[in-house]
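Have a look at the structure below, then the notes.
In this chain, residues are counted from 1 in sequence order. Indexing begins at 1, ligand by ligand and atom by atom, following the structure's order.
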Amino acid sequence: MIPADALTRLKSARSIAVLTGAGVSAESGVATFRDPDGIWARFSPTELASMDGFMANPQRVLDWYAHRRAVVDAVEPNAGHTALVALERWITQRDGTFTLITQNVDRLHQRAGSRNVLEVHGNLVEDRCSVCEEIHKGEQQLDAAGLPVCTTCGGRLRPNVVWFGEDLPRDVWDASERAARDADVFMSIGTSSVVWPAAGLAHTARSRGAAIIEVNPTSTDLTPDVTWHIPAPSGTALPLIVAALEAA
Ligand code: OAD
């Protein structure tokens, strides 16, 4: 299932960058966004993932994110997450570098034990002040309407998740681009590769000579440009890759 050439390229890599998407968490029981039963088939991104939607009905948005937090709190990292922890250990023990760039907001990579994780779309765990941008975790100061507000400036708190039309966190994005530029091997795992700028990272890596490995049961917009497409679930393919590297 894993092309021998892809394993050879990984074995000689000095720098691996990985971009993950919702598909990596699918086997933990977290819904993806664009599969037929996905989140955006059941919920409106305009209402639930935009500043306009938040301004129109903050309570509805906060309730929805509270529900999503409860969903991810109730699940566990899967074999794909665990294999990425082992891949990071494998290359760092060889003095190589490893960067895990994730579009996922569920923190399952960190719970599995991944260390160098860049969250380009934020996370579900934190809130952010919509006025002063301060990050908050768990404080509960409420305004007269019963909505959480910033303990520093009194601005309204919102989930620390990137919404449609918003910029990605600058430092995180700069580090992600650097990792893509420096990678010998770039792995795109469990993402439909339709959301930019994250989808552009594979192209950045490719333009600098990296080999691109895609792990996804289906083809994506990226597939025509990859070096190897492994058409399998990440929870199956990634443990096989790591076992082959560790056995070498
Ligand atoms: P999508 O839902 O767009 O794509 C999920 C991908 O995972 C699809 O290509 C599936 O084929 C694939 N997939 C499903 N099960 C899999 C498995 N077991 N192993 C590997 N792949 C599997 O999710 P993303 O690409 O992550 O943004 O979506 C990107 C962004 O769009 C998200 O971060 C989110 C969303 O709007 C924000 O919330 C800011």
- Task: Using the six-membered ring of Trp64, assess whether NZ or CZ of Arg68 lies under 6.0 Å from its centre and within 45 degrees of the ring axis.
- Result: yes
- Message: Counting non-hydrogen protein atoms only, what is the nearest one to atom 17 (C) of ligand 1? Give residue, atom name and distance.
- Response: Gly23 O, 3.3 Å
- Task: For ligand 1, indicate whether the residue Trp40 contacts it via side chain, backbone, both or neither (heavy-atom separation under 4.0 Å).
- Result: side chain
- What are the atoms of ligand 1, with element, lying closer than 4.0 Å to any heavy atom of Thr218? 11 (O)
- Do me a favour and list the nearest non-hydrogen protein atom to atom 39 (C) of ligand 1 with residue, atom name and distance? Val162 O, 3.0 Å
- ligand 1 versus Arg34: contacting region, heavy-atom distance under 4.0 Å: both
- Query: For atom 14 (C) of ligand 1, what is the nearest protein heavy atom, given as residue, atom name and distance?
  - Reply: Asp35 OD2, 3.7 Å
- Just going by heavy-atom distances, which of Gln103, Arg68, His121 is nearest to atom 29 (C) of ligand 1? Gln103
- Task: Go through the structure and list residues passing ring-ring contact (aromatic ring centres under 6.0 Å, His included) with Phe98, not counting sequence neighbours.
- Result: none
- Note on the structure: among protein heavy atoms, the one nearest atom 32 (C) of ligand 1 is Phe33 CE1, 3.6 Å
- In terms of side-chain geometry, is the basic nitrogen of Arg158 or Glu133 positioned less than 4.0 Å from the acidic oxygen of its partner? no
- Query: Closer than 4.0 angstrom: is that true for some heavy atom of Gly235 and an atom of ligand 1?
  - Reply: no
- Message: Pairing donors with acceptors under 3.5 angstrom, does anything connect the side chains of Thr218 and Asn216?
- Response: yes
- Task: Supply the members, apart from Leu222, of the Ile/Leu/Val/Met/Phe/Trp/Tyr cluster built from side-chain contacts under 4.5 Å; use none for a lone residue.
- Result: Leu19, Ile101, Leu118, Val120, Val162, Leu168, Val172, Trp173, Phe186, Leu201, Ile212, Val226
- Would you mind checking which non-hydrogen protein atom is closest to atom 5 (C) of ligand 1, with the distance to 0.1 Å? Gly190 O, 3.7 Å
- Can you find an N or O of Val215 that's nearer than 3.5 Å to an N or O of ligand 1? no
- Message: Give me the nearest non-hydrogen protein atom to atom 8 (C) of ligand 1 as residue plus atom name, then the distance to 0.1 Å.
- Response: Asn216 ND2, 3.8 Å
- Query: If we only count N/O pairs under 3.5 Å, is Glu27 in contact with ligand 1?
  - Reply: yes
- Measure the acute angle between the ring planes of His81 and His109, then classify it against the limits of 30° and 60° as parallel, tilted or perpendicular. perpendicular
- Query: Hey, which atoms in ligand 1 end up nearer than 4.0 Å to a heavy atom of Phe164?
  - Reply: 36 (O)
- If we ignore angles and hydrogens, is there a donor and acceptor under 3.5 Å between the side chains of Ser192 and Thr220? no
- Query: Heavy atoms only: which of Ala237, Ala198, Ala26 is nearest to atom 15 (N) of ligand 1?
  - Reply: Ala26
- Message: Please find the pair of heavy atoms, one from Val75 and one from Arg111, that lie closest to each other, and give the distance.
- Response: O-NH2, 2.6 Å
- Query: Hey, which atoms in ligand 1 end up nearer than 4.0 Å to a heavy atom of Pro233?
  - Reply: 17 (C), 18 (N), 19 (N)
- Message: Below a 4.0 angstrom heavy-atom separation, can you tell me which part of Val195, side chain or backbone, both or neither, approaches ligand 1?
- Response: side chain
- Message: Students should be able to answer this: which protein heavy-atom is nearest to atom 23 (O) of ligand 1, and at what distance?
- Response: Ala22 CB, 3.6 Å
- Message: Give the atom numbers and elements of ligand 1 that come within less than 4.0 Å of a heavy atom of Gly21.
- Response: 26 (O)
- Query: If you take all heavy atoms of Ser193 and Ala199, which pair is closest and at what distance?
  - Reply: O-CB, 3.5 Å
- Sub-3.5 Å N/O-N/O distance, Ala232 and ligand 1: no
- Note on the structure: In short, Ser234 meets Pro239 closest at the heavy-atom pair O-CD, 3.5 Å
- Rounding to 0.5 Å, atoms OG1 (Thr20) and CD1 (Ile189) come to a distance of 7.0 Å
- Query: Around atom CZ of Arg170, are there more than 12 heavy atoms of other residues, nucleotides or ligands at under 6.0 Å?
  - Reply: no
- Message: Students should be able to answer this: which protein heavy-atom is nearest to atom 19 (N) of ligand 1, and at what distance?
- Response: Ser234 N, 2.9 Å
- Query: Can you check whether Val24 has an N/O within less than 3.5 Å of an N/O in ligand 1?
  - Reply: no
- Message: Can you give me the closest heavy-atom contact between Leu108 and Glu76, atom names plus distance?
- Response: CD2-C, 4.1 Å
